[in-house]
Structures are given as structure tokens and as C-alpha cells.
Amino acid sequence: DSLRGSAYRTIIELRNRLGKKTLEYEALRIATITGTTLVLARDKASRYLFENYASLMSTLCEETVKYLVDAQLWSSAPFKEQGPSWALISYQKAVEYEFNKKVWTHASELKDFLPREFSFGPLSFFQIRRILFYSQNRELRHKIENRRGPFHFPMDSSFEPEIQVLKNHCTRARHGGDIKPYQLKDLEDFLEGTRNANCVFVLLRLFQ
């Protein structure tokens, strides 16, 4: 199992590196064809996040911040028109990275109470969602509460519909070619739902 887990983590790391390179290439391509200065666009995205979520941004992992800046960049023109799926993919990566670094690395004993699929980490957004609403297992809930301190479990159920919406959009964004292409209208529908977009930041606060 340890060998399998190591191989799995290596594959995830390689996939993430490839994803970053692809995202950067796409951003440069769009900036070039639209006459946009990418550095200024990123700076604008970063300023927006630090002005609107200052207390949270200062507590996040550096890599999580980068994913959020990417998400904000790809939620704005001209990038969202050219690649609407990248915003949701970046939001998903931000949630995954922060959870795995802030929560999962300190909760290894919990793996004994979860299905085998949770043994190899890092966990995907879909696995994280299952843990957040895993309220049927009282022993697991007790373990998490004792281990994490400020990490509240189970999550406030009032946000479950928004988490489900986020999950659906992330699935469409990542695998849209297999189902239906994720389009600008899909992204705008997600962003227009205030609680939908805000649930990303609710999750990230939960992990601190």
C-alpha cells in the first residue's frame, strides 16, 4: 500500500505540473491575441482577492493563493470568454491543496475509519466533500473534532446545496468534453450565484 500510495502521489504531482504549464500557456496565448498585459491582469486579480478577503488570504498556503489568483483571472475578461472552464478548475485546485496541507496531513489516523480509497491521498475535491458531510459516522466525527480543533465537523448543512453546485460545475469544467462543453454561460451562472462563489471561501476558512 505504501508503494501504491507513493506512485499515486507522484502521478498527481506530475499531472499538476502539466496542468500549470497548460494553464500558463493558455493565459499567455489569450493575452497575446487580445493585447492584454498578463502581468497587469494577474496583479488586478490578486488585488481584488486581498482587498475583499484580506484576513483569509493572509492565512492561506502560497500555492492556494496562486490557484485563487488563477481562478479570479479566468473569471474576468478576456480570459473567461476564451477558457471558461479554467476558473472552476482553479477553484477546485485551491480547495484540494488547502485541505490536503492544512487538514489531511494532520489527520492520518482518520484513514482507518474511511473506505480504502481515502488511504492514498492527496484527496480530490469529491473525496473532501464526502468527508465534510460524513455525519453518519459519529466516531469519525469525534476523531476529527478532537484532532483539528477549529476544523468544524460536520459542515454547516445550510451550505450543502452550494457545495453540490460547486461539485457539479467542477465536474462539467474538468470533463465537459465527455458530457457537454463547459461554456461562458455556465461560468457566469455560477458566478452570479453569490453563495455559489462564496462557498469556495467558506470552505477555505473552514480548513484554518
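Fair warning: this is a prediction, and the values are worked out from it, not measured in the lab.
Rounding to the nearest 0.5 Å places CG of Leu206 at 12.0 Å from SG of Cys199. In this structure, the separation between CZ on Phe99 and CD1 on Ile128 is 5.5 Å, given to the nearest 0.5 Å. Here the OG-CG distance, from Ser85 to Leu184, works out to 11.5 Å after rounding to the nearest 0.5 Å. Atom CG of Leu88 sits about 10.5 Å away from atom CZ of Arg174, to the nearest 0.5 Å. Here the straight-line distance linking atom NZ of Lys167 with atom CZ of Phe125 works out to 8.5 Å at 0.5 Å rounding.
Sorted pairs that involve residues 199-208 and meet salt bridge (Lys or Arg N to Asp or Glu O under 4.0 Å), not counting sequence neighbours, are lacking altogether. Every pair passing salt bridge (Lys or Arg N to Asp or Glu O under 4.0 Å) that includes a residue from residues 27-38 is listed here, sequence neighbours excluded: Glu26-Arg29.
Between Leu203 and Leu166 the shortest heavy-atom distance is CD1-CD2, 4.2 Å. The two residues Asn100 and Thr105 have their closest heavy-atom pair at O-CG2, 2.9 Å. Thr59 approaches Gln208 most closely through the heavy-atom pair O-OE1, 3.3 Å. Between Leu204 and Leu68 the shortest heavy-atom distance is CD1-CD1, 3.7 Å. The nearest pair of heavy atoms linking Trp74 to Lys80 is O-CB, 3.2 Å.
For Glu81, there are no salt bridge (charged side-chain N to carboxylate O under 4.0 Å, His left out) partners, not counting sequence neighbours. A search for side chain to side chain contact (heavy atoms under 4.5 Å, CB included) contacts involving Val165 returns His169, Phe190, Asn196, not counting sequence neighbours. For the ring pair (Phe, Tyr, Trp, His ring centres under 6.0 Å) test, residues two or more places apart in sequence or in another chain that qualify with Tyr53 are Phe201. For Gln183, there are no side chain to side chain donor-acceptor pair (under 3.5 Å) partners, not counting sequence neighbours. With sequence neighbours excluded, the residues that form a side chain to side chain donor-acceptor pair (under 3.5 Å) with Asp189 are Lys185. Remark: Thr36 pairs with Ala31, Thr34, Ala41, Pro78, Phe79 by the side chain to side chain contact (heavy atoms under 4.5 Å, CB included) rule, at least two apart or across chains. With sequence neighbours excluded, the residues forming a side chain to side chain contact (heavy atoms under 4.5 Å, CB included) with Lys44 are Arg47, listed by chain and number. For Asp186, the side chain to side chain donor-acceptor pair (under 3.5 Å) criterion is met by Arg172, not counting sequence neighbours. Remark: Thr64 engages Glu98 in a side chain to side chain donor-acceptor pair (under 3.5 Å) (not counting sequence neighbours). Tyr97 is linked by a ring pair (Phe, Tyr, Trp, His ring centres under 6.0 Å) to nothing, counting only residues two or more places apart in sequence or in another chain.
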query: Yes or no on side-chain contact (heavy atoms from CB on, under 4.5 Å) for Tyr67 and Leu23, after CA distance, side-chain angles and deciding distance?
result: CA-CA 11 Å; Tyr67 283 128; Leu23 188 62; over 6 Å; no
task: Assess whether side-chain contact (heavy atoms from CB on, under 4.5 Å) is satisfied between Cys170 and Val95, documenting all intermediate values.
output: CA-CA 11 Å; Cys170 286; Val95 171; over 6 Å; no
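Under the 4.5 Å side-chain criterion, counting only non-hydrogen atoms from C-beta, Arg129 is in contact with Gln164. Side-chain contact between Asp70 and Trp86: absent, with no pair of heavy atoms (C-beta onward) separated by less than 4.5 Å. Residues Leu73 and Ser90 form no side-chain contact, since every pair of their non-hydrogen atoms from C-beta on lies 4.5 Å or further apart.
A salt bridge is defined here as a Lys NZ or Arg NE, NH1 or NH2 lying under 4.0 Å from an Asp or Glu carboxylate O, and Lys66 with Glu24 fails to meet this definition.
Within 6.0 Å of NZ on Lys101 lie no more than 12 heavy atoms contributed by other residues, nucleotides or ligands.
A distance-only check finds no donor-acceptor pair linking the side chain of Glu96 to the backbone of Ser124 [under 3.5 Å].
Partner of Tyr182 under the side-chain contact (heavy atoms from CB on, under 4.5 Å) criterion, chosen from Leu187, Ile89, Thr171: Leu187.
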